[in-house]
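Letters A, B, ... mirror the listed sequences (proteins, then strands); counts begin at 1.
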Protein chains: 2
Amino acid sequence: MKIDPDKKADLSAQIAQAIRDAIVSGDMIVDERLPSEAELADQFEVSRPTVREALKRLAAQSLIRTQRGAFGGAFVNKLSYEEAYGQQITTSTLLLSMNAVSFDVACEARYALERACTPLSAERRTPDHLATMRAEIHRQGHPGLSDESFCASDVTFHRALVDAACNPVLSYQLAGAVEAMQPLMNMITFTARSREEIVRLHTRIADAVEDTDAQAAETALHELEAYTLTLARDVMAARQKTRQV
Amino acid sequence: MKIDPDKKADLSAQIAQAIRDAIVSGDMIVDERLPSEAELADQFEVSRPTVREALKRLAAQSLIRTQRGAFGGAFVNKLSYEEAYGQQITTSTLLLSMNAVSFDVACEARYALERACTPLSAERRTPDHLATMRAEIHRQGHPGLSDESFCASDVTFHRALVDAACNPVLSYQLAGAVEAMQPLMNMITFTARSREEIVRLHTRIADAVEDTDAQAAETALHELEAYTLTLARDVMAARQKTRQV
DNA sequence: GCTTTTAAAATGTCAGACATTTAAATGTAA
DNA sequence: TTACATTTAAATGTCTGACATTTTAAAAGC
């Protein structure tokens with residue numbers, strides 16, 4: 001980990017990479033303390049600010065945490081599911097917003113992944129998961145709900161569906177897919193009519209999961225995907241029309 | 001974006017968050033140039049090193065890129081699929097290695113997600129995708145292949161299967177799941193017998209995809225998941241035995 | 001023996017300087 | 001006029017040294 005050849009990249013980037021490699025490869029284990037900034041500066045033969053920039057890079061990826069005071073320092077951080085969720089969502093959201101990903105492609109990916117969970121969800125759902133889904137369905141039927149709140153409730157519903165698979169790795173992977181869609185979903189104006197239809201489909205999904213009927217749940221998800229697509233296309237068409245006028 | 005109240009967090013973290021918010025919210029668009037470090041230091045009323053630490057945090061997340069020289073500076077970076085892949089894989093790998101995720105759970109998640117792609121892959125696979133899959137199958141049959149190379153080839157095969165869905169968002173989401181499994185897979189010693197079985201299943205998958213038979217592909221993937229699990233359990237059992245002696 | 005004080009070690013922040021890189025502006029010659 | 005070389009300015013990258021703040025452990029005092 002000591003070496004640091006004179007590449008073209010920034011020193012702080014090289015140092016960050018060297019430490020990152022040591023962590024990822026397992027040379028440094030969770031909660032192990034890194035040398036102090038001064039010692040690292042000596043080892044890599046750079047100044048302390050340079051070392052600090054490297055450490056901040058690692059902190060941004062939740063690879064290390066720092067603690068002030070005597071016997072403080074930088075420690076290898078145990079990446080929690082929550083932190084991983086967060087990074088996953090940030091990355092996915094940016095990827096979608098910056099790459100002009102079409103609604104269709106994003107939608108297809110999201111529902112395909114979600115359907116991957118349904119067999120497990122139907123098998124393992126607890127009363128808790130079902131209760132969350134029912135509660136969100138109920139909320140979605142409330143007429144005074146804003147479009148934003150409706151979308152947020154939608155996300156909660158689908159996350160409950162995913163969490164019902166009782167596989168944290170799956171939940172982590174899906175978090176990005178579901179949450180990253182929210183900005184795109186927020187562009188849709190949900191009429192009373194369309195909300196009714198969505199609530200109907202959500203109810204079918206919840207029923208199917210409660211009955212441990214994976215096939216029915218998948219079918220309902222397919223229909224929900226198709227319906228979401230038609231809604232999005234209507235919005236796009238209306239927008240196009242407005243622009244032409 | 002200017003404000004920066006006296007919270008408890010580090011100044012560099014606060015500044016990074018403020019800029020991050022501006023980017024994610026769309027206040028700053030791709031390729032827009034941030035103020036120079038000196039100007040940012042003025043705006044936030046901190047020193048230049050503090051600003052630099054904040055910028056390095058953002059650079060670590062690929063949110064900005066920096067360019068030296070006149071008319072250089074920090075620019076909002078367009079997050080490419082490649083960069084997103086990379087971060088996804090790093091995060092997933094760490095999450096698995098640091099959280100004592102059981103092989104079973106990770107394996108279940110991976111194959112569940114992969115099965116989500118198969119209907120699309122069977123429908124849209126190009127000759128290119130099929131050729132990659134066949135080539136990797138052929139390589140896997142070579143007796144001189146090391147276990148590491150065998151695993152690497154396995155990853156390439158499965159990525160081709162995923163890419164065949166022709167949905168970049170899906171590919172991005174799956175990259176983490178497939179690659180993050182590699183360290184776990186590398187723990188398995190593949191006997192000639194087990195390689196033969198895996199090659200057989202891979203061939204069945206490729207055949208099914210070529211025949212646009214999604215159902216057969218899913219079934220083969222199910223069997224591959226089950227077989228992978230038995231292999232892993234054998235390894236664990238053998239390890240347990242060795243330890244007891 | 002318990003509490004308080006003190007000291008030390010580490011990160012967080014600042015100021016100023018210099019090095020390096022890069023592209024535009026300028027100048028010069030064909 | 002155009003092509004090429006030179007200069008210059010703006011920005012990031014890096015270094016040095018210092019001080020502030022936080023936190024813990026050890027020392028001092030009762």
Open item on the list: Tell me the interatomic distance from A:D10, atom CG, to D:dT12, atom P, rounded to whole angstroms.
Closed with: 12 Å
- [ ] Would you kindly give the CD-to-P distance between A:E37 and D:dG17, to the nearest whole Å?
- [x] 17 Å
Open item on the list: Starting the side chain at C-beta, find the nucleotide from D:dT16, C:dT11, D:dT12 nearest to B:R52.
Closed with: D:dT12
Open item on the list: How close do B:Y81 and B:V169 get, counting heavy atoms only, and between which atoms?
Closed with: OH-CG2, 4.0 Å
Open item on the list: Please confirm whether the shortest side-chain N or O distance from B:T50 to OP1 or OP2 of C:dC14 is below 4.0 Å.
Closed with: yes
Task: A:I19: which of A:D27, A:L63, A:L55 passes side-chain contact (heavy atoms from CB on, under 4.5 Å) - done: A:L55
Open item on the list: Please determine whether a side-chain nitrogen of the Lys or Arg among A:K78 and A:E32 lies less than 4.0 Å from a carboxylate oxygen of the Asp or Glu.
Closed with: no
- [ ] Give one of base, sugar-phosphate or nothing for B:R65, where a contact means two heavy atoms less than 4.0 Å apart.
- [x] nothing
Task: Length of the line joining B:L55:CG and D:dT14:C1', which is rounded to integer Å - done: 15 Å
Open item on the list: Whole angstroms only, please: what is the CG-P distance between A:D42 and D:dT16?
Closed with: 11 Å
Task: Polar side chain donor-acceptor pair, B:S149 to B:S146, under 3.5 angstrom - done: yes
Open item on the list: Taking only side-chain N and O atoms of B:T66, does any of them lie within less than 4.0 angstrom of OP1 or OP2 on D:dG13?
Closed with: yes
- [ ] Check whether any side-chain N or O of B:S97 sits under 3.5 Å from a backbone N or O of B:L94 as a donor-acceptor pair, and report yes or no.
- [x] yes
What pairs of nitrogen or oxygen atoms, one from the protein and one from nucleotides 19-22 of chain C, lie under 3.5 Å apart?
from   : atom 1 : to    : atom 2 : distance (Å)
C:dT20 : O2     : B:R68 : NH2    : 3.0
C:dT21 : O2     : B:G69 : N      : 3.4
C:dT22 : O2     : B:A70 : N      : 2.8

Open item on the list: Between the side chains of A:K56 and A:E53, is the shortest nitrogen-to-carboxylate-oxygen separation below 4.0 Å, so that they form an ion pair?
Closed with: no
Task: B:Q14 CD to C:dG12 C1', straight-line distance once rounded to whole Å - done: 12 Å
Open item on the list: Could you check whether the side chain of A:R48 and the base of C:dG12 have a donor-acceptor pair of N or O atoms closer than 3.5 Å, going by distance alone?
Closed with: yes
